[in-house]
Amino acid sequence: MGIKEECGVFGIYNPRGETAASSIYYGLSSLQHRGQESCGIAVFDTNGPKGNMCVHRGMGLVNEVFKEDTLKGLNGNLGIGHVRYSTTGAATLDNAQPLVMNYIKGTLALAHNGNLVNTDELRSELARTGAIFRTTTDSEIIAYEIARARVGAHTVEEAISQTASKIKGAYGLVIASPRKLIGVRDPLGIRPLCLGKRDASYIIASESCALTAIGAQFIRDIQPGEIVTVSHDGISSSFVPKKPKTAHCIFEYIYFARLDSVLDGVSVYESRKKAGAALAKAYPAKADLVTGVPDSGITAAQGYAEEAGLPFGLAFYKNSYVGRTFIKPTQKERESSVRLKLSVLTDTVKDKDIVLVDDSIVRGTTITNLIHLLKHAGAGKVHVRISSPPFLYPCYFGTDVPSRRLLLAASHSSEEIRRRIGADSLGYMRVEDLSSTVNGLPVCKACFDNNYPIFL
């Protein structure tokens, strides 16, 4: 699996003055799967001097960046947080979020999940006005546009609406001003965003699992194109001027989102089981055991096994204590890295024909190594089933699907890929079956079929 996670955003406001930082910490920890490069928290004290903000950002995981003393220093009852994987901009502390923007009418902090497709155009336009950029991210573009619009707008929501009419792409935003928490979702609904409540606090987060982590109740998904404002006066909502047809990212269900999340009314767990069942119908195999690649392939493997009437079992032990590893320069070292993270349960696979389910093939390196490990442990045939269609086109909306030249399926047929990875058979999810896995929800699947909704 070569696709990297998205970013994750989280915001909370407690009008009674309860400190926000610890809740943001736990919320971000539950969204850690969406980004492991950097993280940050920014908080306002709505009962203190207007604009009094505390912020802390760092490189690494949430529990590496935030210690107890650090959290105690983040005093405020309104705040936002971010976990980052870089799809634009280098993995440096300068690009860590939340971004903080000081402008003529005050201060705002912004955390962004997604990607814009008209960044160059907007950056050039802003540069002509004298804007000086500190980062290479499109998140800073959004912050600048909001700050610029705010000068002539009556409210920050009006400035956000004006900005939304200019930016094009995918975004789930949480924004903190000195007195308001604001969530914004792109008009297509590509990136997820939801609203929750715990006692007097309101929460906005990328996934519902973050609400569960802090004991909050899920209220609803924030709608595509919706701007939700939480303030001392309660909740209000408005919509960006133009709302095209929605196109939710299908890969949120295939891989990105956590298994216990529900996105736009669709259970991620059930979606992955349905994907496995669809694979079993389209590409049956004669085998003794169905297994999955940890973690996201396991649920699809269960769905495959149930539909096919085959036994399901775990063939790999995942070492949860292995830290982040870097790409190794030689094939031998890459194989060692895979063995460090995953080891085969030999007694489970020896002398058995296996159906091995994974969520995707990008370059083919990982699945090749896993097939080799299975056969080295005594497995017979290994039939590979992939719960997504072949990646043929890049993604421009915040998913790290690389250029076509790096996508194995863009230059090789399925049969060529099968031989290359050493599988005895290979079956991909059919594009026409994707809709059934998400209960007919309108989805973006451009990385599979070249139909980019932003350009329609």
Shortest non-hydrogen separation from [X] to [Y] and the atoms involved:
X	Y	value
His112	Ala170	NE2-O, 3.5 Å
Ala20	Gly79	CB-N, 4.2 Å
Cys39	Val62	SG-CA, 3.8 Å
Ala131	Tyr144	CB-CE2, 3.8 Å
Leu263	Pro192	CD2-CB, 4.1 Å
Tyr396	Val117	O-CG1, 3.7 Å

Subject >> is_close_aromatic(Phe256, Phe251), centroid dist under 6.0 Å >> reply: yes

Indicate yes or no: at least one non-hydrogen side-chain atom of [X] is less than 4.5 angstrom from one of [Y].
X	Y	answer
Tyr202	Ile219	yes
Lys180	Val156	yes
Val262	Phe218	no
Ile80	Leu181	yes
Val43	Ile24	yes
Asp264	Tyr253	yes
Lys273	Thr299	yes
Thr246	Leu188	no

Subject >> Plane angle bin for Phe391 and Phe448 - parallel if under 30°, tilted between 30 and 60°, otherwise perpendicular >> reply: tilted

**OP:** Take the angle between the ring planes of His56 and Phe66 and call it parallel below 30°, perpendicular above 60°, tilted in between.
**Re:** perpendicular

Spacing of [X] atom [atom1] and [Y] atom [atom2] [to the nearest 0.5 Å]:
X	Y	atom1	atom2	result
Leu434	Ile250	CG	CD1	5.0 Å
Leu93	Glu37	CG	CD	12.5 Å
Ile146	Ile167	CD1	CD1	7.0 Å
Ser29	Leu61	OG	CG	9.5 Å
Lys445	Ser435	NZ	OG	7.5 Å
Gln223	Leu193	CD	CG	11.0 Å

Original post:
For Ile227 and Ser161, what are the C-alpha separation, side-chain angles and deciding distance, and is it a side chain to side chain contact (heavy atoms under 4.5 Å, CB included)?
Top reply: CA-CA 8 Å; Ile227 302 169; Ser161 183; 4.0 Å; yes

Subject >> Ser201 and Glu18: CA distance, side-chain angles, deciding distance, side chain to side chain donor-acceptor pair (under 3.5 Å) verdict >> reply: CA-CA 9 Å; Ser201 298; Glu18 181 181 305; 4.7 Å; no

Can you tell me if [atom1] on [X] sees more than 12 non-hydrogen neighbours from other groups inside 6.0 Å?
X	atom1	result
Asp120	CG	no
Lys168	NZ	no
Tyr26	OH	no
Glu432	CD	yes

With no hydrogens and no angle check, just 3.5 Å: does a side-chain donor-acceptor pair link [X] and [Y]?
X	Y	value
Asn95	Thr137	no
Asp359	Ser387	no
Glu157	Ser238	no

Kindly say whether [Y] contributes a backbone atom to a donor-acceptor pair with the side chain of [X] at under 3.5 angstrom?
X	Y	answer
Ser124	Glu121	no
Asn118	Lys166	yes
Asn14	Arg16	yes
Arg57	Val65	no
Gln302	Phe312	no
Glu252	Tyr255	no
Arg220	Leu195	no
His248	Gly189	yes
Ser231	Asp233	yes
Ser271	Thr437	yes

Original post:
What do the steps show when you test Met101 against Arg150 for side chain to side chain contact (heavy atoms under 4.5 Å, CB included), and what is the final call?
Top reply: CA-CA 12 Å; Met101 181 69 67; Arg150 183 69 180 94; over 6 Å; no

Can you tell whether the side chains of [X] and [Y] come within less than 4.0 Å, N to carboxylate O?
X	Y	answer
Asp186	Arg191	no
Glu145	Arg148	yes
Glu270	Lys274	no

**OP:** Please lay out, stage by stage, how Asn450 and Leu392 fare under the test side chain to side chain contact (heavy atoms under 4.5 Å, CB included).
**Re:** CA-CA 8 Å; Asn450 202 32; Leu392 300 174; over 6 Å; no

**OP:** Step by step, work out the side chain to side chain contact (heavy atoms under 4.5 Å, CB included) result for Arg404 and Tyr393.
**Re:** CA-CA 6 Å; Arg404 291 201 75 196; Tyr393 308 96; 4.0 Å; yes

**OP:** May I ask you to establish whether Arg123 and Phe133 are in a cation-pi arrangement, using a distance under 6.0 Å from NZ or CZ to the six-membered ring centre and at most 45° from the ring axis?
**Re:** yes

